[in-house]
Amino acid sequence: MAARSLWRAKTKLLLAATAAGGAGAGAAAISSSDDPASALKLSTAIPLRLLRDASTAATIAFDYEYSLWGLPEGSFEREKTKREVHTRSALRLQELCFKNGGIYIKLGQHISQLEYLVPDEYVQIMRQSMLNRCPVSSYDRVREVVKKELGGEPDEIFDEFDPVPIASASLAQVHVARTHNGQKVAVKVQHTHMTDTAAADYATVEFIVNTLHRLFPSFDYRWLVDEMRESLPKELDFLNEAKNSIKCINNFRRYSPHIAEYVYAPKINWNLTTSKLLVMEYIDGAQVNDLRTIQKLGIQPSEVSKLLSEAFAEMMFKHGFVHCDPHAANALVRPLPSGRRSIFGKKKPQLVLLDHGLYKDLDFSTRINYASLWKGLVFSDANAIKEYSAKLGAGDDLYALFAGILTMKPWNKVIDPSVDHLVVQGTDSDRSELQMYASQYFPQITELLRRLPRVILLMLKTNDCLRAINRSLMQGSSLETYLIVGRVSSEAVIESKLLRSKSFFSRVCVWFEELLLEARLFGMQIALWLLNLKALSLRLDRFSH
C-alpha cells in the first residue's frame with residue numbers, strides 16, 4: 001500500500017505541475033513565432049496537449065502498478081502480464097504521438113530505435129507506425145505554403161502538381177510535380193505553422209521530461225531535450241537540408257571515390273527552394289528495406305546491405321559528416337544508372353539518400369577515436385575497446401556496457417575471438433537476451449547516455465537505424481557488414497597515423513601495420529566464405545532429405 005500511495009502522490013504532483021506549466025509552454029510558442037497571431041491561436045491547444053501528455057503518462061503508470069500488483073518477481077505469470085502491459089502502453093503512446101503530431105512523431109521514431117533501452121513491444125509498435133503513417137496536411141494548407149514561399153498557386157508555379165502526397169513525415173510531406181520545362185520533381189512542403197508547433201512541442205516536452213526527472217531521478221532524458229533544441233531549427237530549414245545533401249555527395253567524390261558512383265542524392269532546384277519548400281529531382285526507386293521490390297529490380301538484397309554499411313562507415317570514419325536519420329523511409333535503392341552488373345549478372349545497386357536535415361560533424365579526434373573503437377570491436381581487442389570507450393566519454397567503468405549497446409552483444413561475446421562473434425541473428429532468444437540485459441542494467445545505461453557527448457548519442461541512433469535495415473535485407477544479420485566496418489574503420493585509423501608520421505621509419509611501421517591488418521581481414525573473409533559454404537551445404541542436405 002505504501003508503494004501505491006507514493007505512486008498516487010507522484011502522479012497528482014505530475015498532473016498539477018503539468019497544468020501549471022501550460023502557460024509557460026504557450027508563451028514560449030508565441031514568443032518564438034514568425035506569426036504571433038497564428039501562434040496565439042495555436043497556443044490555446046497547448047494546455048490540452050499537456051493534459052493529454054499527463055493523462056497518458058498516468059494511465060500507463062497505473063496500468064503497470066495495478067496489473068503487476070502481487071505477482072512474484074521472475075514468475076511466468078508476471079512476465080506474461082508485463083508483456084501485455086507493454087503492448088497496451090505502447091499503443092497508448094503511439095496514439096499520443098499521432099494526436100499531438102510534430103515533434104512527438106520524431107520522438108516516436110526515436111523510441112523505435114532504442115532496442116537497448118525499451119521493451120521490444122514499444123520498439124516494434126513504434127517502428128511499424130511512425131515511419132509510414134505520419135499526419136498529412138490538407139491541400140489547402142499546402143497551397144498556403146507554396147503561395148507564401150513562391151508567390152503563386154501550385155498550378156501557376158508548376159506545370160503539373162499532384163495534390164495527393166506520396167509521402168508524409170513528422171515535419172513535412174512530399175508531392176510529385178512537373179516544372180514548366182518538363183522536369184519531374186519532388187516537392188517537399190513543410191507542414192503549416194510547423195515552426196510554431198515545434199516551439200510549443202519543444203517547451204511541452206522539455207517541461208514533462210524535467211518534471212519526470214525531478215520525480216524519478218533515474219529517468220534522465222534531458223540530453224534528448226538538449227539535442228532537440230539544437231537539431232530542430234536545422235531540420236526546419238530546408239535550405240540547410242539542400243546544402244547538406246550537396247556536401248554529402250561531394251564528400252564521397254573527394255574522400256571515397258571508389259563508391260561515389262553508388263551513392264546519390266536528388267539534385268536541388270534552387271530557383272524553387274526556400275526554407276520551407278524544397279524542390280528536387282524525382283527519383284523512382286524501392287524503399288531500402290523493401291526486399292520484394294529490390295529483388296524485382298534484379299538487385300541482390302545482400303549487395304544493398306553491403307553498400308549501405310560501407311556508405312555510412314565511410315561517412316562516420318572518413319568524412320566526419322554523418323547523415324543521422326537513415327531510417328528505411330529516408331533511403332531508396334535503384335539499379336546503377338550506368339547499367340553495370342555483378343559477375344553473376346545481377347544489377348548493381350545505387351543508394352539514394354533522402355532527408356538531409358539532420359547531420360552531425362565529427363571532429364578529427366572524435367572521428368578517429370570512434371573508428372579505433374569499432375576496429376577494436378571487430379577484432380575483439382579488449383584493451384582497445386576499453387581505451388577508446390573511455391576517450392569517447394564512457395569512463396573506465398562503463399566500457400563493457402558501451403560495447404554492448406554498439407554491438408547488441410554481452411561483453412563475453414564482444415571479446416570472443418571467433419570470426420562471427422558480433423553477428424546478431426535476430427532470433428527470439430537473441431531478443432530475449434537483449435531485453436534481459438537492458439532491464440538488468442537500466443540505471444547504468446541511463447548514466448552512460450548522460451555521459452556520452454551528444455554527437456556520439458546520434459551515432460548510436462544511426463547505428464540502430466542501420467542495424468534494423470540490414471536485418472530486414474538479410475532476414476537476420478550479415479557478418480560481411482561487420483567486416484566492412486572493420487575494414488573502413490581500420491583504413492581511417494591507418495590514414496590518421498600516416499598524417500601524424502614525421503619520419504620515414506614511423507611511416508614504414510604504419511605501412512607494416514597496414515599489411516598485417518589486410519592479412520587479418522583477408523583471413524576473416526576466407527573464414528566467412530567457409531562459413532557460408534557450410535551453411536549452404538546444410539541447406540542443400542536438408543532439401544535433399
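For this chain, numbers begin at 1 and follow the sequence in order. Note: hydrogens, waters and symmetry copies are ignored here, and every other heavy atom, side chains too, is used.
Here the side chains of Met316 and Arg367 are not in contact, with every heavy-atom distance at 4.5 Å or above. You'll find the side chain of Phe402 reaches within 4.5 Å of the side chain of Leu448, heavy atoms only. The shortest distance between side-chain heavy atoms of Glu153 and Val146 does not fall below 4.5 Å. Residues His175 and Val189 meet the side-chain proximity criterion, which asks for heavy atoms closer than 4.5 Å. Contact of the Thr462 side chain with the Phe312 side chain is registered, since non-hydrogen atoms from C-beta on lie closer than 4.5 Å.
Leu353 CG to Ile283 CD1: the interatomic distance, rounded to the nearest 0.5 Å, is 11.0 Å. With rounding to the nearest 0.5 angstrom, the CD atom of Glu235 is 8.5 Å from the CD atom of Glu241. For the atom pair Asp237 CG and Lys276 NZ, the distance stands at 10.5 Å (nearest 0.5 Å). Atom CG of Leu272 and atom CG of Leu150 lie 6.0 Å apart (nearest 0.5 Å).
Residues Asn470 and Thr481 bring no donor and acceptor atom of their side chains to less than 3.5 Å of each other. No side-chain donor-acceptor contact under 3.5 Å links Ser302 and Glu480. A donor atom on one side chain and an acceptor atom on the other are found under 3.5 Å apart for Arg340 and Tyr262.
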Original post:
Under the salt bridge (Lys or Arg N to Asp or Glu O under 4.0 Å) criterion, do Arg141 and Glu144 qualify, and how do the steps go?
Top reply: CA-CA 5 Å; Arg141 291 185 174 181; Glu144 285 177 26; 5.9 Å; no
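For the ring pair (Phe, Tyr, Trp, His ring centres under 6.0 Å) criterion with His319, the lone passing option out of Tyr359, Phe364, Phe252 is Phe252.
Nearest approach of Met408 to Ile405, heavy atoms of both residues: CE-O, 3.2 Å.
In this structure, the side chain of Gln173 engages the main chain of Ser137 through a donor-acceptor pair within 3.5 Å. Panel note: side chain Glu281, backbone Lys267; a donor-acceptor pair is recorded below 3.5 Å. Under the 3.5 Å distance criterion, the side-chain polar atoms of Ser472 are matched with a main-chain donor or acceptor of Ala468.
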